[in-house]
Amino acid sequence: VQLQASGGGLVQAGGSLRLSCAASGLTWVAFSSYAVGWFRQTPGKEREFVAAMRRGGGDERYADSVNGRFTISRNSAKNTVYLQMNSLKPEDAAVYSCALEQGGRGSRRYDAYDYWGRGTQVTVSS
């Protein structure tokens, strides 16, 4: 299984970005059986939970810091996960990575996830 995140870039504070994460090496049925999550990390800090969705969709979970501004979604037919980020703040700047959790619950813990993709950089200017 391979995951590839994309969609990062430079945006002004208050702006929006949409991240995508494409999964390959598994069928859409298998992809649907995984929970999906987004995490972010900045230099010198631990990986931080951002958002997750349980297997099959629904029951989205968000970090308090992004709740109401970010939206996680998935298109199982395309083996793709999205993170819509609105009202971006400078403190949202980080490398964002997507992950799949075989347990299917959409954990907030990064060590619950089984597959990780290479991250995409998000930079927010003030």
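Note that the coordinates shown come from a computational prediction; the quantities given were computed from them, not determined experimentally.
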Can you name the closest pair of heavy atoms from N75 and Y82 and give their distance?
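Looking at all heavy atoms of both residues, the closest pair is CB-CE1, 4.0 Å.
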
D111, CG atom: more than 12 neighbouring heavy atoms under 6.0 Å:
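Yes, CG of D111 has more than 12 neighbouring heavy atoms, counting only those of other groups under 6.0 Å.
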
Backbone N/O of [Y] and side chain of [X]: donor-acceptor pair under 3.5 Å:
| X | Y | value |
| --- | --- | --- |
| Y113 | R108 | no |
| T80 | K78 | yes |
| R47 | Q41 | no |
| R74 | A35 | no |
| D114 | Q102 | yes |

Do [X] and [Y] sit in one hydrophobic cluster, given that two such residues count as connected whenever their side-chain heavy atoms are within less than 4.5 Å of each other, even indirectly?
| X | Y | value |
| --- | --- | --- |
| W116 | Y96 | no |
| V124 | F70 | yes |
| V122 | Y110 | no |

Aromatic rings F49 and F39: how do their planes relate, parallel, tilted or perpendicular, breaks at 30° and 60°?
perpendicular

Looking at R40 and D92, does any basic side-chain N land under 4.0 Å from a carboxylate oxygen?
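So R40 pairs with D92 through a salt bridge.
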
Go through I72 and W38 one step at a time and tell me if the side-chain contact (heavy atoms from CB on, under 4.5 Å) criterion holds.
CA-CA 8 Å; I72 186 172; W38 285 96; 3.7 Å; yes

Apply side-chain contact (heavy atoms from CB on, under 4.5 Å) to R55 and E101, showing your working.
CA-CA 9 Å; R55 63 163 56 119; E101 180 206 345; over 6 Å; no

Hey, can you pull the donor-acceptor pairs under 3.5 Å for the side chains in residues 2-28, sequence neighbours left out?
from	atom 1	to	atom 2	distance (Å)
S16	OG	N86	OD1	2.9
T27	OG1	A30	N	3.1

When you look at V1 and L100, which way does the side-chain contact (heavy atoms from CB on, under 4.5 Å) test go after all the steps?
CA-CA 9 Å; V1 177; L100 298 183; 4.0 Å; yes

Run the side-chain contact (heavy atoms from CB on, under 4.5 Å) check on V95 and T42 step by step: do they pass?
CA-CA 6 Å; V95 174; T42 55; over 6 Å; no

